[in-house]
Visitor: 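My questions all concern the structure below.
The figures here come from the full heavy-atom set of this structure, side chains too, leaving out hydrogens, waters and symmetry mates. Each residue takes its place number in the sequence, starting with 1.
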Amino acid sequence: MNSIDLKKSLIPLIKSQIPTFIWGSPGVGKSSLISQIAQESNMEFIDLRLSLLDPTDLRGVPFFDQTTKTAIWAKPEFLPNSNSEEFGILFLDEINSAPPTIQAAAYQLILDRKIGEYTLPKNYSIIAAGNYENDRGVTYRMPTPLANRFIHMYFDIDFTSWKQWAYSVKIDKRIISYLSYKPSNLFTFDPKSNEKSFATPRSWKYVDDVLKSELELELLENVISGAIGKDSATEFLNYCKIMNDLPSIEDICNGIEVDLPTKNSAMYALTIGIVYALKQNATKEQISNVISFAITLSGEFSMLLMKDLQEEGVEVESNPMWKDWIDAHRFLIQ
């Protein structure tokens with residue numbers, strides 16, 4: 001299930017407090033997706049990495065109560081207050097990477113919404129996540145009674161969904177452009193490989209952070225290689241050099257004729273650059289100029305440009321030039 005459909009499915013499950021387990025390969029963005037849902041729904045979000053906890057961390061530490069002459073379990077500080085009226089999500093990440101003793105403690109929390117003397121607030125939902133057992137990560141087989149307490153959802157990599165997210169959070173246009181040209185490089189994880197660095201949505205976000213940092217240019221290739229692997233880094237940086245030789249996007253938006261690149265890789269870069277430019281408060285005249293420009297493109301890149309503009313909310317269908325574009329490419333959309 002791609003991230004868009006998964007998100008649509010999770011929102012009602014969270015509101016109904018139905019425990020849900022998300023399966024996915026490393027770095028696909030499981031925790032980021034749940035965090036985004038919490039933020040957009042104005043819910044509190046507590047992210048627990050169960051693989052880093054001991055049973056006493058989750059259950060609490062016992063101490064002797066002088067008044068009742070009994071042992072009492074002290075609530076862990078990271079769990080929400082039982083009396084809280086706030087709506088929230090308790091996210092149990094890496095649950096199948098946690099030892100069986102931790103999974104047993106989590107089982108009680110998921111089953112009874114309490115553990116020891118602690119009770120989960122009434123408005124909190126429980127979502128868990130973990131990597132596939134064949135991904136060569138440290139995983140333990142989830143006990144059948146625990147697995148049966150979840151609805152199980154599977155997070156699949158989908159480039160179109162990722163690209164929509166990348167535009168929304170302003171990922172560097174060079175990354176979006178390169179991956180539009182070669183979408184297979186969004187995710188290069190191979191469980192049979194011994195390589196420590198490989199491309200995932202998470203590691204491409206690291207590349208975005210590196211590009212926006214003050215890292216010296218001569219160090220760029222080594223650092224990016226450490227995020228996505230040497231082959232992907234070399235290819236990406238070579239692609240960036242192509243983008244430096246593109247015609248002026250400003251001229252295109254202003255209706256000035258430009259010479260088109262001859263390489264497909266450069267055309268992918270150009271279309272992404274135009275989308276980025278029009279997302280920044282474009283005028284109706286600039287949109288008209290871009291649609292006129294799109295009419296001159298080959299069908300593949302004209303469709304790519306118009307589709308991306310529509311998906312990013314640029315008003316093309318209400319523009320006077322829209323009918324001309326439809327007439328020019330009617331053979332492709334019938």
Visitor: Would N222 and K230 count as a side chain to side chain donor-acceptor pair (under 3.5 Å) if you check the C-alpha gap in whole Å, the side-chain angles of each, and the deciding distance to 0.1 Å?
Guide: CA-CA 8 Å; N222 284 334; K230 184 172 180 57; 5.6 Å; no

Visitor: side-chain contact (heavy atoms from CB on, under 4.5 Å), that's the test. Do V314 and I287 meet it? Break it down for me.
Guide: CA-CA 8 Å; V314 178; I287 296 174; 3.8 Å; yes

Visitor: OG of S125 to CG of L13: how many Å apart, nearest 0.5 Å?
Guide: 9.5 Å

Visitor: Write down the atom of A199, the atom of W204, and the distance for their closest heavy-atom approach.
Guide: CB-NE1, 3.5 Å

Visitor: Of all heavy-atom pairs between M267 and P261, which one has the smallest distance, and what is that distance?
Guide: SD-CD, 3.6 Å

Visitor: Got a second to check how far L92's CG is from I110's CD1, nearest 0.5 Å?
Guide: 5.5 Å

Visitor: Just wondering, more than 12 heavy atoms not from Y181 lying within 6.0 Å of its OH?
Guide: no

Visitor: With side chains defined as the heavy atoms from C-beta onward, is the minimum distance between F91 and I46 less than 4.5 Å?
Guide: no

Visitor: Could you tell me if S84 and N81 have a donor-acceptor pair between their side chains, going purely by distance under 3.5 Å?
Guide: no

Visitor: Taking the side chain as C-beta and beyond, is there a heavy-atom pair between N319 and E317 under 4.5 Å?
Guide: no

Visitor: Taking atom CD1 of I256 and atom CG of N289, what is their separation to the nearest 0.5 Å?
Guide: 9.0 Å

Visitor: Run the ring-ring contact (aromatic ring centres under 6.0 Å, His included) check on W325 and F293 step by step: do they pass?
Guide: CA-CA 10 Å; W325 183 84; F293 172 74; over 10 Å; no

Visitor: Taking only residues at least two apart or on different chains, which pairs with a member in residues 252-264 satisfy side-chain hydrogen bond (donor to acceptor under 3.5 Å, both in side chains)?
Guide: none

Visitor: Counting distance only, does the side-chain N/O of S302 pair as donor-acceptor with the main-chain N or O of A294 below 3.5 Å?
Guide: yes

Visitor: Do V258 and I249 belong together in a cluster built from hydrophobic side chains that touch within less than 4.5 Å?
Guide: yes

Visitor: Would one find more than 12 heavy atoms of other residues, nucleotides or ligands at under 6.0 Å from atom NZ of K212?
Guide: yes

Visitor: With a 4.5 Å cut-off on side-chain heavy-atom distances among I, L, V, M, F, W and Y, is there a chain of contacts connecting Y206 to F187?
Guide: no

Visitor: Are the side chains of M153 and I151 in contact, using a 4.5 Å heavy-atom criterion?
Guide: yes

Visitor: For T234, is there any backbone N or O sitting under 3.5 Å from a side-chain donor or acceptor partner on N238?
Guide: yes

Visitor: Any donor and acceptor pair, going by atom type alone, linking the side chain of S197 with main-chain N or O of G229 inside 3.5 Å?
Guide: no

Visitor: Is it true that I102 and L52 fall in one hydrophobic cluster, defined by side-chain heavy atoms closer than 4.5 Å?
Guide: no

Visitor: With a 4.5 Å limit on heavy-atom distance, are the side chains of F198 and S203 in contact?
Guide: no

Visitor: With rounding to the nearest 0.5 angstrom, report the CD1 to CD1 distance, I14 to I126.
Guide: 12.0 Å

Visitor: Between atom CD1 of I272 and atom OG of S180, what is the distance when rounded to the nearest 0.5 Å?
Guide: 3.5 Å

Visitor: Side chains of I291 and V316: closer than 4.5 Å at any heavy-atom pair?
Guide: yes

Visitor: Do you know the tightest heavy-atom contact between A128 and I95?
Guide: CB-CG2, 4.2 Å

Visitor: Ignoring hydrogens and geometry, is there a side-chain-to-backbone donor-acceptor pair from Q286 to T283 under 3.5 Å?
Guide: yes

Visitor: Show your reasoning for whether side-chain contact (heavy atoms from CB on, under 4.5 Å) applies to F236 and N185.
Guide: CA-CA 10 Å; F236 168 67; N185 270 18; over 6 Å; no

Visitor: Donor-acceptor pair, distance only, cut-off 3.5 Å: does the side chain of H329 make one with the backbone of D324?
Guide: no

Visitor: Between S3 and W165, is a side-chain contact (heavy atoms from CB on, under 4.5 Å) present by the stated rule, with each step listed?
Guide: CA-CA 9 Å; S3 61; W165 169 83; over 6 Å; no

Visitor: Please indicate whether D327 has more than 12 foreign heavy atoms, meaning atoms of other residues, nucleotides or ligands, lying under 6.0 Å from its CG.
Guide: yes

Visitor: Answer with yes or no after comparing the ring centroid distance for Y268 and Y178 against a 6.0 Å cut-off, counting only values under it.
Guide: no

Visitor: For the CG atom on D231, are there more than 12 heavy atoms of other groups (residues, nucleotides or ligands in this structure) within a distance under 6.0 Å?
Guide: no

Visitor: Check this for me: does any side-chain nitrogen of one of K7 and D5 sit under 4.0 Å from a carboxylate oxygen of the other?
Guide: no

Visitor: If you round to the nearest 0.5 Å, how far is CD1 of I34 from CG of L90?
Guide: 12.0 Å

Visitor: Salt bridge check: are E235 and K182 linked by an N-O gap of less than 4.0 Å?
Guide: yes

Visitor: What is the minimum heavy-atom distance between A266 and L246, and which atoms define it?
Guide: O-CD2, 3.4 Å

Visitor: Please report the closest heavy-atom contact between C253 and A277, naming both atoms and the distance.
Guide: SG-CB, 4.2 Å

Visitor: Could you check whether atom CD of E250 has more than 12 heavy atoms from other residues, nucleotides or ligands sitting under 6.0 Å from it?
Guide: no

Visitor: Would you call R174 and D172 a salt bridge, taking side-chain N to carboxylate O under 4.0 Å as the test?
Guide: yes

Visitor: Any idea which heavy atoms bring A269 and Y239 closest together, and the distance?
Guide: N-OH, 3.1 Å

Visitor: Salt bridge check, D308 against K163: does any charged N sit closer than 4.0 Å to a carboxylate O?
Guide: yes

Visitor: Using a 6.0 Å cut-off, check whether atom CZ of F159 has over 12 heavy atoms from anything other than its own residue.
Guide: yes

Visitor: Is any side-chain heavy atom of L297 less than 4.5 Å from a side-chain heavy atom of L260?
Guide: yes

Visitor: Flag the pair E86 / P121 as yes when at least one side-chain heavy-atom distance between them is below 4.5 Å, and no otherwise.
Guide: no

Visitor: Measuring centre to centre across the rings, with the benzene-like ring taken for any Trp, is F21 within less than 6.0 Å of W23?
Guide: yes

Visitor: Test V290 against L309 for side-chain contact (heavy atoms from CB on, under 4.5 Å), laying out the working first.
Guide: CA-CA 10 Å; V290 166; L309 289 172; 4.1 Å; yes

Visitor: Inspect the surroundings of CG in L219 and state if more than 12 heavy atoms from other residues, nucleotides or ligands are less than 6.0 Å away.
Guide: yes

Visitor: Judged by atom type as modelled, is there a donor-acceptor pair below 3.5 Å linking the side chain of S82 to the main-chain atoms of T119?
Guide: yes

Visitor: Just checking E195: does its CD atom have more than 12 heavy atoms from other residues, nucleotides or ligands closer to it than 6.0 angstrom?
Guide: no

Visitor: So, do N131 and K30 sit near enough that their side-chain heavy atoms are less than 4.5 Å apart?
Guide: yes

Visitor: Closer than 4.0 angstrom, basic N to acidic O: yes or no for K122 and E85?
Guide: yes

Visitor: Is the backbone of R202 close enough, under 3.5 Å, to the side chain of T200 for a donor and an acceptor to pair up by distance?
Guide: yes

Visitor: Look at the side-chain heavy atoms of Ile, Leu, Val, Met, Phe, Trp and Tyr, link any pair under 4.5 Å apart, and say whether Y154 and I4 land in one connected group.
Guide: no

Visitor: Can you list the residues that meet the ring pair (Phe, Tyr, Trp, His ring centres under 6.0 Å) rule with Y276, with sequence neighbours excluded?
Guide: Y167

Visitor: Taking S213 for its side chain and V210 for its backbone only, find out whether a donor-acceptor pair lies under 3.5 Å.
Guide: yes

